[in-house]
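Side chains are part of it too, since the values below use all heavy atoms of this structure and drop only hydrogens, waters and symmetry mates. First listed ligand is number 1; within each ligand, the first listed atom is number 1. Please read these numbers as outputs of a predicted model, since none were measured by experiment.
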Amino acid sequence: MGRANDEAAAALQEYAELFALNGGDAFRVRSYQKAAKSIAGFPGDLRETDVRSIPGVGEAIAKKVEEFLERGSFRQLDDLRARVPDGVRRLTRIPSLGPKKALFLYQELGIDSPAALAAAIEGGRLAGLRGFGAKTEENLLKGIEQLERSGDRVHLGVAMDLAERVIASLPAQRIAYAGSLRRMRETIGDVDILAVGPTDLMELFARQPYVTEVIAKGERKTSVRTDRGLQVDLRIVPAESWGAAMVYFTGSKEHNVHIREMAVKKGWKLSEYGLFDGDDRLIASETEEDVYAALGMQWVPPTLREDGGEVQAALRGELPRLVEVHDLRGDLHTHTDLTDGIASLEDMVAAGAMRGYSYYAVTDHAPDLAMQRMTLDKALAQRARVAELQRDYPDMRLLHGSELNIAPDGSVDWPAEVLAGFDVCVASVHSHFTQSREEMTRRFVTACENPHVHVIGHPTTRKIGKRPPVDADWDAVFRAAARTGTVMEIDSYPDRADLPSDLVRLARHHGVKFSIDSDSHAIPHLAHQRYGVGIAQRAWLTPDDVVNTWPVERLLAYLHKD
Ligand code: DGT
Ligand code: CA
Ligand code: CA
Ligand code: ZN
């Protein structure tokens, strides 16, 4: 598990590289690199240190580091990440290719992706260039292969945005995404899209602005790389086998294998074209429901198709009634511009009302997250404003809450009498991520035992591709949560996806209830709840497991039971 020091140092190092890649001043590049080194080498925990006391860290760098500790990135890094062409950034991910060489290849030879580099090496275009000997070329080719094999997966939010963009760009008779995206896995390897339409759809697809590279183009299947580095496979399928194709390409492979074996036992055959009997006569293919019904089972929701018992349950007609987006009556974790949100209280509440919620909790950060400069006065002033605003929303109950910080010893920001004034308190770990398993477990258990802590926010604190989960004895934490009636959050923010579905399943086994929250910092984030619903479904949750599907009276009675 990475130390905060190493992670902050890595971010500064990346920033230095991007800065250099953008032709930034060499003196500043060196000062970022020096600061990164000295932070990585600093013996104490960065989170318990005034960053400014570390040699080589001046005010400007200290601010960046503080922002990084707070949210896992900083503004200037985000900006540069957005500015450097994606393919060139992917070049720098090839082991043994630094930013200098990547920029050189881009500027001098127009090489803007690993595939383009491989082609250039194989075509002998690098021969004779300084710093690109035969040994280097061989290493680069190996590195490219390694990169493509590990095929960096992206989190669900990135893939969903892209899939929706692709679908909107193609005038097909029928079009939908399948694969791991439809199963709502937390990370996606590539996007699979099925369409019914003329073959010139392929032409149109290959010419879309989001396409950076056509990997393979055929009549039935075209694969492209996109501006986000992600591959998209578009398949054109016959209208009459739409259902069979959707079953096949939604997967998972394990689910497919299981139902295909069932078909084989009956002397039938199941393919992407349909379910056929022993004489190759079509039994079913038009809709997914037809295919499953012909196999003698219920239609299986895509989020369950992992061969985790769903086939047996569907054969018995005992699939659970899964929680769905429209079951959610509210959101228990949102921010405003009083702390690190970007929209005002008024705008966030109005957006919540637009979504048809019957309750909406405002949970800005509490004072111990020093960056946010929260005070009790500000929280109380917000509470008064919430009460005023309530008059404008007769159909939506406004809840005034806070997202507390769970300190290393499990305590939270405010004394009990202050906490008692909130309708809902989410408590989260925002620092000291690297405590030992024992300490971290005790920390969560203590938080659960606090009667004023209602919800544990983003429990593992992981950020996909950026920060590993904290280490804790989750059985012990969930036992404490069940015993104390503390709700575990499913933070829907797609790079968090926290709890992940395997831990949701474990927590449910212990009798824990969940809240599917958006953790919104801006209005569009409210819609992220659909990702949280995906996680919940993958853990087989029903509406009863999820407290924010409950009517507000039941919810508040549960939160404030003592
Ligand atoms: P990903 O892309 O790694 O996130 O995961 P998937 O599940 O989207 O996998 P992908 O893109 O390789 O294939 C899409 C679906 O196509 C997969 O879920 C099931 C089906 N499929 C692919 N290859 C096979 C196979 O060899 N056998 C069977 N039964 N199904 C397959
Ligand atoms: Ca896929
Ligand atoms: Ca695929
Ligand atoms: Zn938080």
Checklist entry - Passes side-chain hydrogen bond (donor to acceptor under 3.5 Å, both in side chains), Glu70 versus His365? Steps please. => result CA-CA 12 Å; Glu70 163 60 35; His365 288 288; 4.7 Å; no

Would you say the side-chain atoms of [X] and [Y] include a donor-acceptor pair closer than 3.5 Å?
{"X": "Gln231", "Y": "Asp233", "result": "yes"}
{"X": "Gln382", "Y": "Asp364", "result": "yes"}
{"X": "His432", "Y": "Glu439", "result": "no"}

For [X], the ligand 1 atoms whose distance to one of its heavy atoms is below 4.0 Å:
{"X": "Arg183", "result": "7 (O), 18 (O)"}
{"X": "Thr250", "result": "18 (O)"}
{"X": "Asn256", "result": "19 (C), 20 (C), 29 (N), 30 (N)"}
{"X": "Ile188", "result": "4 (O)"}

Checklist entry - Once rounded to 10 degrees, what value does the angle at the Zn ion (ligand 4) take between OE2 (Glu403) and NE2 (His458)? => result 100°

Checklist entry - Are any of the N or O atoms of Asp192 closer than 3.5 Å to those of ligand 1? => result yes

Checklist entry - Does any N/O atom on Thr187 come nearer than 3.5 Å to any N/O atom on ligand 1? => result no

Below 4.0 Å from any atom of ligand 1, is there a heavy atom belonging to [X]?
{"X": "Arg260", "answer": "yes"}
{"X": "Asp233", "answer": "no"}
{"X": "Lys253", "answer": "yes"}

Checklist entry - For ligand 1, is any non-hydrogen atom under 4.0 Å from Arg185's backbone (N, CA, C, O), its side chain (CB onward), both, or neither? => result neither

Checklist entry - How does Asp190 reach ligand 1, if at all, at less than 4.0 Å between non-hydrogen atoms: by side chain, backbone, both, or neither? => result both

Checklist entry - Which N, O or S atom name in Asp192 marks its closest approach to the Ca ion (ligand 2)? => result OD2

Next on the checklist: Would you say the rings of His452 and His454 are close, in the sense that their centroids are separated by under 6.0 Å?
Outcome noted: no

Checklist entry - Does Asp190 bring an N, O or S atom to under 3.0 Å of the Ca ion (ligand 2)? => result yes

Checklist entry - Relative to Tyr210, does Arg165 satisfy both conditions: NZ or CZ under 6.0 angstrom from the six-membered ring centre, and within 45 degrees of the ring's axis? => result no

Next on the checklist: Cation-pi check for Tyr531 against Arg496: NZ or CZ below 6.0 Å from the six-membered ring centre and within 45 degrees of the axis, yes or no?
Outcome noted: no

Next on the checklist: Between His365 and the Zn ion (ligand 4), is there a contact where an N/O/S atom of the residue lies under 2.8 Å from the metal?
Outcome noted: no

Next on the checklist: Atom CD of residue position Glu219 - does it have more than 12 heavy atoms of other residues, nucleotides or ligands inside 6.0 Å?
Outcome noted: no

Next on the checklist: Evaluate His258 against His255 for ring pair (Phe, Tyr, Trp, His ring centres under 6.0 Å), listing each step before the verdict.
Outcome noted: CA-CA 5 Å; His258 196 150; His255 175 87; 7.8 Å; no

Checklist entry - atom 17 (C) of ligand 1: which of Ser180, Gly251, Gly179 has the nearest heavy atom? => result Gly251

Checklist entry - Any donor-acceptor pair under 3.5 Å linking the side chain of Glu272 with the backbone of Phe249? => result no

